[in-house]
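Notes for the one structure printed next.
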Amino acid sequence: MVELARAVADPPRVLLLDEPASGMTGDERGQLAAVVRHLADEEGCAVLLVEHNVAFVMELCARVVVLDLGRVLAHGTAAEVRADPEVRDAYLGAAAP
């Protein structure tokens with residue numbers, strides 16, 4: 001969170017985040033999501049998020065691009081990506097809704 005505060009001290013037009021939720025508790029991830037949403041929605045900052053926490057990504061992102069071994073596996077809204085059979089097989093497991 002300190003690194004994020006430093007990155008937005010001078011309001012950026014684009015914010016690149018690489019695994020920001022790594023090592024965070026659920027409460028901390030919620031706080032991070034609120035800050036990122038505020039930056040995107042209220043400050044007009046474009047955000048590029050690279051993250052392996054699928055639940056965090058699906059909750060936070062308007063558009064999702066899923067990569068698998070360097071190739072685009074799927075892209076679209078969180079609902080579209082979640083419903084993609086290749087994404088389910090590669091990341092979510094066959095039982096995912």
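Just so it is clear, the structure is predicted and the values come from calculations on it, not from any experiment.
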Query raised in the report: Given side chains that start at C-beta, do those of L60 and L49 come closer than 4.5 Å, heavy atoms only?
Result: yes
Query raised in the report: Is it true that E86 and R71 make a salt bridge, defined as a side-chain N closer than 4.0 Å to a carboxylate O?
Result: yes
Query raised in the report: Does atom NE2 of H75 have more than 12 heavy-atom neighbours from other groups under 6.0 Å away?
Result: no
**Report entry** Within 6.0 Å of CG in D41, more than 12 heavy atoms from elsewhere
**Finding:** yes
Report summary line: From the list L73, V65, V64, side-chain contact (heavy atoms from CB on, under 4.5 Å) partner of V81 resolves to V64
Query raised in the report: Atom CG of D18 and atom CG of L16: how far apart are they, to the nearest 0.5 Å?
Result: 9.5 Å
Report task. Run the numbers on V50 and L17 for side-chain contact (heavy atoms from CB on, under 4.5 Å), then give the verdict. Result -> CA-CA 6 Å; V50 176; L17 298 173; over 6 Å; no
Query raised in the report: Taking all atoms of both residues into account, what is the closest heavy-atom pair of L67 and Y91, and its distance?
Result: O-OH, 2.5 Å
Query raised in the report: Any side-chain heavy atom of E28 sitting closer than 4.5 Å to one from M1?
Result: no
Requested in this report: Begin with the C-alpha distance, continue with both residues' side-chain angles, and end with the deciding distance and a verdict on side-chain contact (heavy atoms from CB on, under 4.5 Å) for V14 and L48.
Outcome: CA-CA 8 Å; V14 177; L48 175 65; 5.5 Å; no
Query raised in the report: Taking the side chain from E80 and the backbone from T77, do they hold a donor-acceptor pair closer than 3.5 Å?
Result: yes
**Report entry** Side-chain touch P20/L4, heavy atoms, less than 4.5 angstrom
**Finding:** no
Query raised in the report: Of the non-hydrogen atoms in A21 and L32, which two are nearest, and what is the gap between them?
Result: N-CD2, 4.0 Å
Query raised in the report: Charged N to carboxylate O under 4.0 angstrom, E51 versus R29?
Result: no
Requested in this report: Could you check if a side-chain atom of R82 sits within less than 4.5 angstrom of a side-chain atom of R88, using non-hydrogen atoms only?
Outcome: no
**Report entry** Any D89 side-chain heavy atom under 4.5 Å of V87 side chain
**Finding:** no
Report task. For the pair R37 and E59, evaluate salt bridge (Lys or Arg N to Asp or Glu O under 4.0 Å) and give the outcome as yes or no after the intermediate values. Result -> CA-CA 10 Å; R37 262 192 226 102; E59 173 193 332; 3.0 Å; yes
**Report entry** Heavy-atom pair with the smallest gap, counting every atom of P12 and C45
**Finding:** O-SG, 3.5 Å
